[in-house]
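Quick notes on the structure that follows.
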Amino acid sequence: MCIRDRCDPFSQMQRINKNRTDLKETMEEKLRRGRHHLRVACRAYKRQMDRGRYFLHEHPYGAESWSEPEIQKLLKTPGVLFVKGPMCNWRMTAVGKDGKEGLVRKETGWLTNSPVLASILEGVCSNVTGKAVWHRHVVLEGGLAKKAAAYPPALVKAVLQGLRKQMVQDRVLSEVKTF
């Protein structure tokens, strides 16, 4: 998963400022560090796959990082799956400029070699499907995006349970009752 400092230069919000001459050097340095981090992460993912283990990569769906060569190569790797799902499905919340709390839509892209994780993380906002009660979204603008840097507990729990389920399916882990 993403380390905040290294992901920022790929975000959609950063595109707005990329042509400002007073920020150009800072942005180029952040992008250089972000690309280095992405290369290191992709090498780690490859090592995980080579050893029969799993990886999970997350970036906002619209981030420029998805077009980086390392990610494009990973996307074409047999057994690697890409899915999209909004963070509101995982009860990610933020307080809007109006002072009211709401769910964060934040369309998120997920890359993994675990079919179980991919099926858990893929989804559509229930406002779109109409299968649940409509909910309010908070737009992550004006410094609110920082609030979406921490994963909600429901997401963390689902990822851990999904990984466990994948390992049981693969017979790497035996089924053990938990309390």
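Hydrogens, waters and symmetry mates play no part in the numbers below; they use all other heavy atoms, side chains included. Nothing fancy with the numbering, it's 1 onward along the sequence.
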ring-ring contact (aromatic ring centres under 6.0 Å, His included) contacts in which one or both residues fall within residues 70-107, not counting sequence neighbours = Trp66-Phe82
Parallel, tilted or perpendicular: which describes the rings of Tyr45 and His57, with under 30° parallel and over 60° perpendicular?
-> perpendicular
Salt-bridge criterion met for Glu28 and Arg32 (N-O under 4.0 Å) | no
Would you say Val156 and Val104 are hydrophobically clustered, going by side-chain heavy atoms of ILVMFWY under 4.5 Å?
-> yes
Would you mind reporting whether [Y] and [X] have side-chain heavy atoms less than 4.5 Å apart?
| X | Y | value |
| --- | --- | --- |
| Arg164 | Leu173 | yes |
| Val159 | Glu58 | no |
| Val80 | Leu111 | yes |
| Val138 | Glu101 | no |
| Asn127 | His137 | yes |
| Met49 | Leu74 | yes |
| Arg33 | His37 | no |

Would you check, one step at a time, whether the test side-chain contact (heavy atoms from CB on, under 4.5 Å) holds for Met92 with Thr108?
-> CA-CA 12 Å; Met92 178 179 273; Thr108 303; over 6 Å; no
Out of Arg53, Lys46, Arg47, which residue meets the side chain to side chain donor-acceptor pair (under 3.5 Å) rule with Asp50?
->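 Of Arg53, Lys46, Arg47, side chain to side chain donor-acceptor pair (under 3.5 Å) with Asp50 is met by Lys46 alone.
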